[in-house]
Amino acid sequence: MIKTEYYKDLTKMNTFGMKVKARCFMEYDSVADLVDIEFEELARPVLHIGGGSNLLFTDDFKGTVLHSKINFIEVLDDSPCHSEERSDVAIYVSVGAGVVFDDFCAWAAKEGLWGVENLSYIPGEVGASAVQNIGAYGVEVKDVIHKVYCYDTVEEEFVNFSVEECEYGYRDSIFKDPEIKGRYIVTHVVFALSREPRPVLDYGHLREAVAEAMSHSCDPRPRELGHPLAGGGMSHPCDNASDTVADCHFERSGSGDEKSLTPAMIRKVIIKIRKEKLPEPSVMGSAGSFFKNPVITMEHYLRIEAAAKAEHGPDYKVPHYDLPDGMVKVPAAWMIEQCGWKGRRSGGAAVYDKQPLVIVNYTGEAYPEEIIGLERRIIASVKAKFGVDLHPEVEHI
Ligand code: EPU
């Protein structure tokens, strides 16, 4: 079925909560419906959205907004697959583009499948995750993508891209290339998950947080593989994403050993961390990280470090990550905080007080101009203090 609405209010379809309208809005719930859409006849421009969690609408949208409701999770092979490219692969799971990404993470955790637990609670939908290469806590979605299936709106045919063909980078993919942007519509993504434990705990204090949670942890036993969107399966106290580690009544595992970890345990910890640091879109509008973390030369980093030590004392440590190519990634959050922006308000917009990489719709009534004004001033002050150019991660529409 295709649902078409004109002058559609998009306030609830963008997590920033910008009060804008789309001239035309079309929602389809199957691949057959997608094929029926006459792309040549749509009011232009055409924008395909997912959960609207990485967008800043700067005005009413004069063209057509498309949205997928292709919702399924299907295990393609529940016995170990032997892939020439990826010998570690155990289970291929095909997921519709319209599935809420965190619903997929919750499902994988319930099934005891490893791979997406660190990506828990990221807002957005599966189709957009494969375009944006979402990432958190040491994992990017490209690490678990096997293939991305799309509809080519130019050739009017179905195509698929291997993970290599997607040319993934930091929050980047071939689908964001200006030359082909909008041409391919993701219909579903095949993920390569694993039954073999493969916890990724090296990011920040994640290992400590997991160890702490394990001391009073609940071990949701994996069940037989099921199809959650088709119903079935027993529920578990940990199934509810709103639970925190603390309020889930786990039995003490005793061992404190990483071998007894489950994806569900890590998911719990990640959700707790995210809830502490990031605003809930349902409570305060935002689009998650507003800026990308900049990558600079080692020489540039050493100048920043010397200046920081001169300002804060010789023992001061500048957060940074050395990259394999000799470049250095410096958290934009640190630079924005150093420029004094943390918690500052400007009209209806504000820099989030617990994570300054996030700009929030503080009053719920912020105008796009207020968000953009704050963005410009942050960029200018980071450039003036550190000589670094910040680039928004959020797409301005
Ligand atoms: N920091 C500060 N002040 C703060 C907060 C952070 O100085 O108030 C510094 C700290 O040194 C901290 C570092 O920034 O160690 C990194 O902070 P954090 O771990 O919160 O991660 P991030 O680099 O700010 C990225 C992603 C997030 C993702 C987290 C966790 C980008 C643009 N953002 O943020 O993704 O959740 O790592 O992996 O890469 C998103 O994309 O919307 C998003 C939320």
Side-chain angles (χ1 to χ4, degrees), residues 14-16 50-56 101-102 105 116-125 128-129 131-143 168-173 176 200-210 266-267 269-281 284-296 301 304-305 308 311-312 316-323 328-344 350-360 375 378-379 382 385-386 388-395:
N14 71 103
T15 58
F16 239 130
S53 55
N54 199 45
L55 303 175
L56 174 62
F101 194 87
D102 190 58
C105 298
V116 287
E117 58 285 352
N118 289 36
L119 303 178
S120 291
Y121 219 51
I122 295 182
E125 295 171 3
S129 77
V131 172
Q132 170 72 355
N133 188 22
I134 59 169
Y137 308 102
V139 174
E140 288 181 317
V141 77
K142 72 166 174 54
D143 303 335
Y168 283 119
Y170 171 54
R171 300 291 193 273
D172 198 19
S173 73
K176 293 177 88 172
V200 178
L201 302 175
D202 291 330
Y203 185 93
H205 300 294
L206 184 55
R207 179 166 273 108
E208 289 93 308
V210 168
I266 296 179
R267 171 174 165 75
V269 175
I270 297 284
I271 291 174
K272 184 170 186 282
I273 295 172
R274 287 188 77 90
K275 283 187 168 186
E276 282 166 3
K277 281 194 174 178
L278 297 165
E280 290 268 356
M284 195 183 285
S286 85
S289 300
F290 197 94
F291 299 100
K292 293 185 190 175
N293 284 323
V295 174
I296 58 176
Y301 168 73
I304 290 175
E305 190 186 59
E311 189 177 340
H312 302 289
Y316 188 81
K317 295 216 170 1
V318 176
H320 66 284
Y321 311 95
D322 293 328
L323 301 176
V328 183
K329 195 184 252 191
V330 183
W334 176 78
M335 290 191 266
I336 297 168
E337 183 173 1
Q338 292 297 306
C339 290
W341 285 104
K342 197 167 176 169
R344 264 170 66 182
V351 177
Y352 195 52
D353 55 358
K354 297 188 195 113
Q355 167 49 291
L357 195 52
V358 179
I359 296 181
V360 290
E375 170 191 8
I378 290 171
I379 289 174
V382 167
K385 187 170 170 75
F386 297 106
V388 171
D389 292 305
L390 285 188
H391 296 285
E393 190 204 318
V394 170
E395 189 176 354

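Just follow the structure's listing: the first ligand is 1, and inside any ligand the first atom is 1. Just the heavy atoms: all of them, side chains too, but no hydrogens, waters or symmetry mates, feed the values below. Just so you know, these numbers come straight off a predicted model, no measurement behind them.
What sits closest to atom 36 (O) of ligand 1 on the protein, heavy atoms only, is Arg274 NH1, 3.1 Å. In this structure, the protein non-hydrogen atom closest to atom 20 (O) of ligand 1 is Gln355 NE2, 2.9 Å. Considering only non-hydrogen protein atoms, atom 34 (O) of ligand 1 sits nearest to Leu357 CD2, 3.8 Å. Regarding atom 38 (O) of ligand 1, its nearest protein heavy-atom neighbour is Tyr137 N, 2.6 Å. From the protein, the heavy atom lying nearest to atom 9 (C) of ligand 1 is Pro331 CB, 4.0 Å. Closest to atom 23 (O) of ligand 1, if we only count protein heavy atoms, is Asn293 ND2, 2.8 Å.
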Inset, instruction - Could you walk me through whether Glu117 and Tyr137 pass side-chain hydrogen bond (donor to acceptor under 3.5 Å, both in side chains), step by step? - result: CA-CA 10 Å; Glu117 58 285 352; Tyr137 308 102; over 6 Å; no

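Closest to atom 26 (C) of ligand 1 by heavy atom, among Glu393, Lys342, Arg171, is Arg171. Around atom 11 (O) of ligand 1, the closest heavy atom drawn from Ala333, Pro392, Pro319 belongs to Pro319. The nearest non-hydrogen atom to atom 15 (O) of ligand 1, considering only Tyr321, Tyr203, Trp334, comes from Tyr321.
Pro356 counts as a contact of ligand 1, since one of its heavy atoms falls under 4.0 Å from the ligand.
Among the atoms of Ser289, some N or O lies under 3.5 angstrom from an N or O of ligand 1.
Between the side chain of Ser173 and the backbone N or O of Val131 there is at least one donor-acceptor pair closer than 3.5 Å. Between the side chain of Ser289 and the backbone N or O of Phe291, no donor-acceptor pair lies under 3.5 Å.
Within ligand 1, counting atoms from 1 as listed, the ones closer than 4.0 Å to a heavy atom of Phe291 are 32 (C). Ligand-side atoms of ligand 1 in range of Glu337: 2 (C), 3 (N), 4 (C), 7 (O), 8 (O), range being under 4.0 angstrom from any heavy atom. Taking every non-hydrogen atom of Ala136 and a distance limit under 4.0 Å, the qualifying atoms of ligand 1 come out as 36 (O), 38 (O). Ligand 1 places these atoms under 4.0 Å from at least one heavy atom of Tyr170: 31 (C), 32 (C), 39 (O). The distance from ligand 1 to the heavy atoms of Gly288 drops below 4.0 Å at these ligand atoms: 42 (O).
Checked against salt bridge (Lys or Arg N to Asp or Glu O under 4.0 Å), Glu375 has no partners two or more places apart in sequence or in another chain. Residues forming a salt bridge (Lys or Arg N to Asp or Glu O under 4.0 Å) with Lys342 (at least two apart in sequence, or on another chain): Glu337.
Side-chain polar atoms of Glu393 and Gln132 form a donor-acceptor pair below 3.5 angstrom.
Under the 4.5 Å side-chain criterion, counting only non-hydrogen atoms from C-beta, Tyr316 is not in contact with Glu311.
Shortest non-hydrogen contact noted between Asn133 and Val141 is OD1-N, 3.4 Å. The two residues Ile296 and Val330 make their nearest non-hydrogen contact at CD1-CG2, 3.7 Å.
Within a 4.0 Å radius of atom 32 (C) of ligand 1, the protein has at least one heavy atom.
Salt-bridge formation is not detected for the pair Asp389/Lys292: no Lys NZ or Arg NE/NH1/NH2 atom is positioned less than 4.0 Å from an Asp or Glu carboxylate oxygen.
The environment of NE2 in His205 is sparse: at most 12 heavy-atom neighbours from other residues, nucleotides or ligands sit within 6.0 Å.
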